[in-house]
**Q** 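The structure is given below, and queries will be raised subsequently.
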Protein chains: 2
Amino acid sequence: MTETATPAERLAVGAPHRELLEQVLDTWSMQVLEHLCEAPARFNDLRRAIPAVTAKSLTATLRRLERNGIVGRSVISTRPVAVEYAITPLGKTLREPVDALLAWTSAHLAEVEAARDRFDDA
Amino acid sequence: MTETATPAERLAVGAPHRELLEQVLDTWSMQVLEHLCEAPARFNDLRRAIPAVTAKSLTATLRRLERNGIVGRSVISTRPVAVEYAITPLGKTLREPVDALLAWTSAHLAEVEAARDRFDDA
DNA sequence: CGGCATCCTGGAGGATACTG
DNA sequence: CAGTATCCTCCAGGATGCCG
């Protein structure tokens, strides 16, 4: 198929590309993703692994990721119920670009902080 | 130097890596970046190029990018004053990981939308 | 254990008006 | 032209309590 949209157009407010990025790059989603890439985890495992998240936000994050096909949710009918979240094959493809971002911050954070110091002096 | 932090640690709330990503991946910053990568531009050029942005938000975005060393700001003392914004060498290094993100959405948006349809049926 | 419903607050960001 | 100042609204997300 043909790719007609420019990068700027794909990033416009309301564009599907931009919306998808917002649902995948937010604070909690990225952390959930990193953890599930290591190993599947249950709801409260994730809560403990991500200290600052509230139950409400974690639920919303997991639902959104599940809806987008990034994570899978399986209910294990023990009593009490257990629920396991796992990364999907689609979710795994996200790791590469996200890690590229992390690599960028690692490579350039010092340079950014130097720029901040210069800016704050003036 | 040694890199000790895990990806999850770098993404934790309050971590410098995460803060930097937030200041660089937000709605307006990404669009400003894309436009300045094409060519330097003046304040009102950017306003026109990014229809949904308000003057207040654009100012805040440009200040933050300037502080982080991602864009440069030069005042041209004509009357009335002209101000030109341009991408810096550091800013240019951001393009690669950001484009990787865009490439990911292009490659997988259809698959995501299929997952959404499935989810919304249930 | 893994949620959902309700209430509530802070702060991001829009609208508008003004200025060097 | 390129902002700044002020006001004001809105809603993401925290706190709390309840339930299958």
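Proteins come first, then strands; the chains are lettered A, B, ... in the order of their sequence lines, and each starts at number 1.
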**Q** Looking only at non-hydrogen atoms, find the nearest pair between Val71(B) and Tyr85(B) and report the distance.
**A**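 Scanning both residues completely, I find the closest heavy atoms to be CG2-CD2, 4.4 Å.
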**Q** Take the C1' atoms of the five end pairs on each side of the helix from dC1(C)-dG20(D) to dG20(C)-dC1(D), get both axes, and report the angle to 10 degrees.
**A**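 Taking five pairs per end, the axes differ by 60°.
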**Q** Could you check how far CD1 of Ile76(A) sits from P of dG2(C), rounded to whole Å?
**A** 9 Å
**Q** Name the pairs: protein N/O against N/O of nucleotides 3-6 of chain C, kept only if under 3.5 Å.
**A**
{"from": "dG3(C)", "atom 1": "OP1", "to": "Arg63(A)", "atom 2": "NH2", "distance (Å)": "3.3"}
{"from": "dG3(C)", "atom 1": "OP1", "to": "Arg73(A)", "atom 2": "NH2", "distance (Å)": "2.6"}
{"from": "dG3(C)", "atom 1": "OP2", "to": "Tyr85(A)", "atom 2": "OH", "distance (Å)": "2.5"}
{"from": "dC4(C)", "atom 1": "OP1", "to": "Arg63(A)", "atom 2": "NH2", "distance (Å)": "3.2"}

**Q** Mind checking what makes side chain to side chain contact (heavy atoms under 4.5 Å, CB included) contact with Glu113(B), not counting sequence neighbours?
**A**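 Glu113(B) satisfies side chain to side chain contact (heavy atoms under 4.5 Å, CB included) with Pro16(A), Leu109(B), Arg116(B) only.
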**Q** Tell me, do Leu46(A) and Leu36(A) make a side-chain contact under 4.5 Å, heavy atoms counted?
**A**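 In short, these two side chains touch, coming nearer than 4.5 Å.
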**Q** Do Val98(A) and Leu33(A) come close enough that some side-chain heavy atom pair is under 4.5 Å?
**A**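 SC-SC contact between Val98(A) and Leu33(A) ruled out.
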**Q** Could you list the residues that satisfy side chain to side chain contact (heavy atoms under 4.5 Å, CB included) with Ala107(B), not counting sequence neighbours?
**A**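 Applying side chain to side chain contact (heavy atoms under 4.5 Å, CB included) to Ala107(B) gives none.
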**Q** Check salt bridge (Lys or Arg N to Asp or Glu O under 4.0 Å) between Glu22(A) and all other residues, then give those that pass, not counting sequence neighbours.
**A**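 With sequence neighbours excluded, Glu22(A) shows a salt bridge (Lys or Arg N to Asp or Glu O under 4.0 Å) to Arg18(A), given in chain and number order.
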**Q** Check whether any side-chain heavy atom of Ile87(B) lies under 4.5 Å from a side-chain heavy atom of Cys37(B), and answer yes or no.
**A**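 Touching, per the 4.5 Å side-chain cut-off.
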**Q** Excluding sequence neighbours, so at least two apart, what forms side-chain hydrogen bond (donor to acceptor under 3.5 Å, both in side chains) with Arg95(A)?
**A** Glu34(A), Glu38(A)
**Q** Within the structure provided, determine whether Thr105(A) and Val24(B) are in side-chain contact (heavy-atom separation under 4.5 Å).
**A**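 The answer is no; the side chains never approach within 4.5 Å.
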**Q** Partners of Val13(B) by side chain to side chain contact (heavy atoms under 4.5 Å, CB included), sequence neighbours excluded?
**A**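 Listed in chain order: Thr27(A), Trp28(A), Gln31(A), Ala52(A).
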**Q** Could you give the start and end, 5' to 3', of the contact zone on DNA chain D for chain A, using atoms under 4.0 Å from its heavy atoms?
**A**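 Footprint of chain A along DNA chain D, 5' to 3': dG13(D) to dA15(D).
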**Q** May I have the distance from Asn44(A) (atom CG) to dC1(C) (atom P), rounded to whole angstrom?
**A**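 Answer to the nearest Å: 6 Å.
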**Q** Mind calculating the distance between CD (Glu84(A)) and C1' (dC1(C)) to the nearest angstrom?
**A** 14 Å
**Q** Base, sugar-phosphate alone, or nothing: which one does Arg79(A) contact when heavy atoms must sit under 4.0 Å apart?
**A**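 The residue Arg79(A) makes no contact with any strand.
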**Q** Would you list the protein and nucleotides 17-20 of chain C atom pairs, both N or O, that sit under 3.5 Å from each other?
**A**
none

**Q** Restricting to side chain to side chain contact (heavy atoms under 4.5 Å, CB included), what partner residues turn up for Ala86(B), sequence neighbours left out?
**A** Pro40(B)
**Q** Filter on salt bridge (charged side-chain N to carboxylate O under 4.0 Å, His left out), then keep only pairs touching residues 63-92 of chain B, sequence neighbours left out; what's left?
**A**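 The answer is Asp120(A)-Arg67(B), Asp26(B)-Arg64(B).
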**Q** Would you say dG14(C) has OP1 or OP2 under 4.0 Å from some side-chain N or O of Thr54(B)?
**A** yes
**Q** Specify the separation, in whole Å, of atom CD1 of Ile50(A) and atom P of dG2(C).
**A** 14 Å
**Q** Taking only residues two or more places apart in sequence, or in another chain, which ones meet Arg48(B) in a side-chain hydrogen bond (donor to acceptor under 3.5 Å, both in side chains)?
**A**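 Counting only residues at least two positions away or on another chain, Arg48(B) forms a side-chain hydrogen bond (donor to acceptor under 3.5 Å, both in side chains) with Asp45(B).
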**Q** Pick the closest DNA chain C nucleotide for Arg64(B) and for Arg42(A) by heavy atoms, then say which residue is nearer the 5' end.
**A**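 Its nearest nucleotide being more 5', the pick is Arg42(A).
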